[in-house]
There are 2 protein chains.
Amino acid sequence: MDGPPPPRVPTLADVAARAGVSTATVSRCLNAPDRVQKDTRDRILEAVKHLGYSPNFGARALAAKRTDTIGAIIPTMDNSIFARGLQAFQTALVDHGMTLLLASSSYRRDLEETQIRTLVARGADGLLLIGHDRDPALYDFLARHTVPVLVSWVFDPTQPRPSVGFDNRQAMAEMTHRVLAQGHRRLATISGYTSDNDRTRDRVAGVRDAMAEVPDCAPLNVVETRYGIETGARAFAQILAKTPETTAVICGNDLLALGAMRQARTMGLRVPQDISITGFDDMEIAVIADPPLTTVRVPHGDMGRQAASMLTEMVRSGTTPDTVALPCEIMERGSLGPAPRS
Amino acid sequence: MDGPPPPRVPTLADVAARAGVSTATVSRCLNAPDRVQKDTRDRILEAVKHLGYSPNFGARALAAKRTDTIGAIIPTMDNSIFARGLQAFQTALVDHGMTLLLASSSYRRDLEETQIRTLVARGADGLLLIGHDRDPALYDFLARHTVPVLVSWVFDPTQPRPSVGFDNRQAMAEMTHRVLAQGHRRLATISGYTSDNDRTRDRVAGVRDAMAEVPDCAPLNVVETRYGIETGARAFAQILAKTPETTAVICGNDLLALGAMRQARTMGLRVPQDISITGFDDMEIAVIADPPLTTVRVPHGDMGRQAASMLTEMVRSGTTPDTVALPCEIMERGSLGPAPRS
DNA sequence: TTGTAAGCGTTATCAC
DNA sequence: GTGATAACGCTTACAA
């Protein structure tokens with residue numbers, strides 16, 4: 001006696017046989033239901049359900065030349081900087097009938113490049129990338145493969161690619177204005193690494209923009225480091241070692257700011273009485289810092305949702321949308337105060 | 001005059017033609033290089049490079065019946081709870097030549113179910129899931145489709161599926177032991193929702209396990225809520241309203257603990273002099289809380305990396321690995337102190 | 001070691 | 001509205 005019959009995964013042909021129609025009709029019924037008569041449609045759907053049929057992905061991709069899959073490459077998932085936007089992006093993609101292929105580059109240009117190629121090879125219909133900064137050859141590659149690209153986390157209308165994001169430079173300038181308005185004139189900045197990273201560069205540029213409008217500012221002390229609490233703490237110590245007269249430290253990221261605040265406390269400095277500290281991102285923890293962190297609120301959710309619909313539209317229609325700017329908001333909380341009268 | 005020739009994407013046949021061999025040989029050369037002679041291999045690789053050939057994903061999936069793609073469904077990316085483990089998982093996956101298909105369920109059982117089906121339909125070769133709790137019919141479905149499943153974030157050897165994770169129950173019992181050792185006898189717990197969630201249930205059970213060993217404990221006050229800082233704060237207020245004699249609040253998650261600490265401060269309670277608070281996860285921010293949070297360190301990175309190799313192995317060899325337990329570690333910092341002598 | 005050729009399961013273009 | 005049937009581009013026995 002034989003074992004049970006091999007539980008083969010049902011195919012279109014099985015459904016067609018059971019419904020007494022051709023495979024073409026079944027395919028139509030599944031992809032354009034109204035191009036098939038009601039009663040045959042019912043028969044087909046019954047068969048589909050009965051057999052537990054689900055289309056073969058490879059076959060569909062091969063025949064239809066699309067995968068309904070969107071690739072995204074973000075610098076890191078180690079903290080929630082990108083995770084929140086990604087969450088919104090993924091959820092919205094699902095609503096559009098798309099699936100997310102995800103990779104992270106660890107902020108490394110070479111890794112990002114191989115991952116872009118991998119995702120394209122894996123059949124991504126479109127790509128979401130963070131920032132514009134990358135080898136032009138890569139954009140050529142994507143164009144040759146006719147893979148639409150949407151850039152996020154930035155707003156730079158001078159770039160040739162569509163993007164959905166916020167103006168890092170202007171947001172940081174606005175924050176710096178607030179700092180200057182409090183009377184601070186000896187500023188320092190803790191920035192993420194600026195090589196291959198237009199967001200961090202723009203943020204530092206924003207600080208300088210605002211400072212340029214005020215005549216009596218001391219030169220800006222800029223320290224670059226990796227994003228993180230520990231690194232922020234070290235950078236803060238470094239700043240106070242070099243320019244102890246600093247009264248405000250503008251951080252390119254909330255983690256850096258939290259690290260800076262911890263280090264300030266360690267060094268016996270009161271925030272904001274002795275020194276002011278600001279962040280960027282408005283992570284959930286900004287409000288529980290002590291004092292609560294004054295920071296720039298980034299529109300993570302909107303960005304993710306908009307990116308999903310724009311990219312889906314690009315893939316489905318082949319069009320190129322206009323670049324979209326989303327507003328940031330300065331969240332004034334407790335960590336920014338008046339400059340101490342030295 | 002015509003425009004430029006349509007830049008068709010090169011196929012295996014193109015490569016074969018240029019190298020003067022059959023498509024079979026090219027295919028072999030790409031998948032098992034040592035089964036083809038050195039000089040023909042060189043010719044083929046030259047052709048591949050010259051043409052910029054990259055295999056068609058759909059065709060390969062159809063013919064080979066695999067996609068080298070692993071699906072993962074996590075409850076949320078909104079905070080870094082899962083993001084860190086996922087980062088390690090994804091990075092390790094790439095090292096194994098796999099790509100990550102990601103979905104998040106927002107802690108909703110129905111959403112998770114449809115996403116599991118979607119990922120399988122999208123050709124995921126294997127699946128990483130968080131926790132064991134789900135409809136048995138789903139596991140049947142996965143078995144029928146011969147999709148190997150690895151469960152993570154838990155260790156429960158009584159379950160029929162392999163998993164890689166930590167013992168939530170034991171870890172929480174250990175933490176509770178430390179709390180009891182400080183003389184606390186009136187405990188409360190802020191837990192994540194326990195329906196459809198074995199991790200949260202196990203953590204609460206762990207608290208009870210430890211309490212059961214001590215005779216003079218007051219009944220445990222348990223409040224369930226969504227994971228978050230705000231919700232943690234509200235839960236804390238709720239607890240003190242109902243059982244104001246509580247001297248220690250054991251939280252199922254760091255976010256809840258941070259919210260609780262903030263609320264305690266708001267209510268004029270000193271941590272840990274008036275009330276002790278503990279967390280779970282050891283998120284990066286635990287150390288910058290004031291006082292630093294005593295919490296359970298979860299082996300995110302190891303878990304992610306191990307999950308990647310186990311799942312890759314399962315997919316490639318069809319074997320089922322043994323369940324793996326990873327150790328947690330109690331991080332004693334400042335938020336747990338001796339019970340106040342009321 | 002290499003080539004031949006038969007699938008793999010869809011979609012899409014035609015006729016009917 | 002429905003049915004044949006030819007792609008789609010690759011892998012993999014099997015043959016040579």
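Residue numbers start from 1 in every chain, and the chains themselves are labelled A, B, ... in the order their sequence lines are given, proteins ahead of strands. Keep in mind it's a predicted model, so treat the numbers as computed, not measured.
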Write out a two-atom table: protein N or O, nucleotide N or O from nucleotides 6-8 of chain C, distance below 3.5 Å.
| from | atom 1 | to | atom 2 | distance (Å) |
| --- | --- | --- | --- | --- |
| C:dC8 | O3' | B:K65 | NZ | 3.4 |

For residues 81-92 of chain B, please give each side-chain donor-acceptor pair under 3.5 Å, one per line with the distance, not counting sequence neighbours.
| from | atom 1 | to | atom 2 | distance (Å) |
| --- | --- | --- | --- | --- |
| B:R84 | NH1 | B:D282 | O | 3.1 |
| B:Q87 | OE1 | A:M77 | N | 2.7 |
| B:Q87 | OE1 | A:S104 | OG | 3.2 |
| B:Q87 | NE2 | A:S104 | OG | 3.2 |
| B:Q87 | NE2 | B:T91 | OG1 | 3.3 |
| B:Q90 | OE1 | A:S104 | N | 3.2 |
| B:Q90 | OE1 | A:S104 | OG | 2.9 |
| B:T91 | OG1 | B:Q87 | O | 2.8 |

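- When rounded to the nearest whole Å, the span between CZ of A:R66 and C1' of C:dA12 equals 12 Å.
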side-chain contact (heavy atoms from CB on, under 4.5 Å) assessment of A:R316 paired with A:M98: CA-CA 11 Å; A:R316 299 225 163 117; A:M98 295 284 192; 3.6 Å; yes
Pairs: protein N or O with nucleotides 1-4 of chain D N or O, under 3.5 Å:
| from | atom 1 | to | atom 2 | distance (Å) |
| --- | --- | --- | --- | --- |
| D:dG1 | O3' | A:Q37 | OE1 | 3.2 |
| D:dT2 | OP1 | A:Q37 | OE1 | 3.3 |
| D:dT2 | OP1 | A:T40 | OG1 | 3.4 |
| D:dT2 | OP2 | A:Q37 | N | 2.8 |
| D:dT2 | OP2 | A:T40 | OG1 | 3.4 |
| D:dG3 | OP2 | A:S22 | N | 3.0 |
| D:dG3 | OP2 | A:S22 | OG | 3.3 |
| D:dG3 | OP2 | A:T25 | OG1 | 2.5 |
| D:dG3 | N7 | A:R28 | NH2 | 3.1 |
| D:dG3 | O6 | A:R28 | NH2 | 2.6 |

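- Distance B:N31 CG to D:dC10 P: 11 Å, rounded to the nearest Å.
- Summarising the geometry, the separation between CG on B:D68 and C1' on D:dC10 is reported as 14 Å, rounded to the nearest angstrom.
- B:E313 pairs by the side chain to side chain donor-acceptor pair (under 3.5 Å) definition with B:S317, not counting sequence neighbours.
- Looking only at side-chain heavy atoms (C-beta outward), A:T323 and A:Q159 stay at 4.5 Å or farther from each other.
- B:F57 comes within 4.0 angstrom of nothing in the nucleic acid, heavy atoms only.
- Contact of the B:Y107 side chain with the B:T76 side chain is registered, since non-hydrogen atoms from C-beta on lie closer than 4.5 Å.
- When the salt bridge (charged side-chain N to carboxylate O under 4.0 Å, His left out) test is applied to A:R117, the partners found at least two apart in sequence or on another chain are A:E113.
- If you check the side chains of B:T25 and B:S22, you find a donor sitting under 3.5 Å from an acceptor.
- A rotation axis mapping the C1' atoms of four pairs onto the next four is fitted at both ends of the helix from C:dT1-D:dA16 to C:dC16-D:dG1 over five pairs, and the angle between these axes is 30° to 10 degrees.
- In terms of heavy-atom proximity, A:L150 sits nearest to A:P162 at CD1-O, 3.6 Å.
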Candidate pair A:K38 and A:D42, rule salt bridge (Lys or Arg N to Asp or Glu O under 4.0 Å), full reasoning: CA-CA 6 Å; A:K38 167 115 180 67; A:D42 290 344; 2.8 Å; yes
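- Note: B:Q115 CD to B:I73 CD1 = 5.5 Å, rounded to the nearest 0.5 Å.
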